[in-house]
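First listed ligand is number 1; within each ligand, the first listed atom is number 1. Atom set for the values below is all heavy atoms of this structure, side chains included, hydrogens, waters and symmetry mates excluded.
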Amino acid sequence: MTTLVKICGLRTAAALDAALDAKADFVGFVFFPPSPRHVELADASALAARVRDRARTVALTVNADDALLEAIIAALKPNMLQLHGKETPERVAHLRTTFSLPVMKALPVETESDLAAIADYAGIADWLLFDARAPKDATRPGGLGRPFDWSLLKALDPGLRFMLSGGLDPANVAEALTIAQAPAVDVSSGVESEPGIKDPDKIRAFIRAVRSQNASAKIEKPRNILTGARS
Ligand SMILES: O=C(O)c1ccccc1NCC(=O)[C@H](O)[C@H](O)COP(=O)(O)O
């Protein structure tokens with residue numbers, strides 16, 4: 001299984017180029033002014049132009065209204081919307097139809113009971129993203145470098161399209177993948193030298209760690225091509 005990799009919170013051409021050169025599958029841009037990774041609309045088009053078709057672009061927003069989303073979509077022309085706030089299933093369905101774009105809904109996870117939300121969104125969102133639940137006093141709902149118990153995801157339907165995120169970094173992503181068997185991973189803080197400042201070496205190391213975990217998982221436990229189960 002090849003794990004897809006999303007590098008989130010890119011703000012500069014240098015960091016974006018590092019992610020693209022290392023063959024990230026998705027590159028994420030945050031449109032949320034309180035975040036140290038916030039991208040101004042005026043800068044979004046130039047960043048998108050660098051991507052061309054080398055990766056899929058994701059616009060991350062938090063409880064954005066239709067007008068803001070329209071402006072972001074006009075500037076970035078993203079391949080997917082990431083909704084990282086308290087968007088209801090009805091709101092997710094509305095945005096998916098209104099903007100004709102795939103949508104990824106972020107779900108906060110702390111305990112097993114948080115997984116009940118999967119049933120509400122799985123048939124509506126194209127992707128789910130599991131992130132650690134932010135503390136009540138946090139200034140943003142994600143991008144906090146905070147992990148959760150990856151073993152909570154062990155029993156998920158193997159067909160569920162989800163990204164594992166929250167506190168991943170080059171040193172722990174292999175273990176996280178071995179435990180959670182995620183089809184995709186998403187990282188921001190773990191490839192930074194400080195909040196909002198991406199480190200190209202860490203981006204490369206993260207993607208290398210994912211690729212080498214995939215290679216060793218293939219050698220150790222080949223998947224049954226019919227059932228997807230590991231032998
Ligand atoms: O990155 C932010 O500042 C941010 C702000 C508001 C909502 C979400 C935000 N980030 C989400 C992500 O970057 C990832 O999807 C995920 O939370 C992983 O973040 P990290 O734990 O920093 O790797």
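Considering all non-hydrogen atoms of both residues, Ile207 and Lys23 come closest at CD1-C, 4.4 Å.
For Arg133 (side chain) and Leu107 (main-chain N/O), no donor-acceptor pair under 3.5 Å exists by modelled atom type. A donor-acceptor pair is defined here as one N or O able to donate and one able to accept, closer than 3.5 Å; such a pair exists between the side chain of Asp114 and the backbone of Thr111.
Applying the ring-ring contact (aromatic ring centres under 6.0 Å, His included) rule to pairs touching residues 79-120 yields nothing, sequence neighbours excluded. Applying the ring-ring contact (aromatic ring centres under 6.0 Å, His included) definition to pairs two or more places apart or across chains, those involving residues 102-127 are Phe26-Trp127.
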Donor-acceptor contacts under 3.5 Å from residues 152-168 side chains, at least two apart:
{"from": "Asp157", "atom 1": "OD1", "to": "Gly159", "atom 2": "N", "distance (Å)": "2.7"}
{"from": "Arg161", "atom 1": "NE", "to": "Asp126", "atom 2": "O", "distance (Å)": "3.4"}
{"from": "Ser165", "atom 1": "OG", "to": "Phe130", "atom 2": "O", "distance (Å)": "3.1"}

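A distance limit of 4.0 angstrom between heavy atoms and ligand 1 selects the residues Cys8, Val30, Phe32, Ser35, Arg37, Leu60, Val62, Gln82, His84, Leu129, Asp131, Arg140, Pro141, Gly142, Gly143, Leu144, Gly145, Arg146, Ser165, Gly166, Gly167, Asp186, Val187, Ser188, Ser189.
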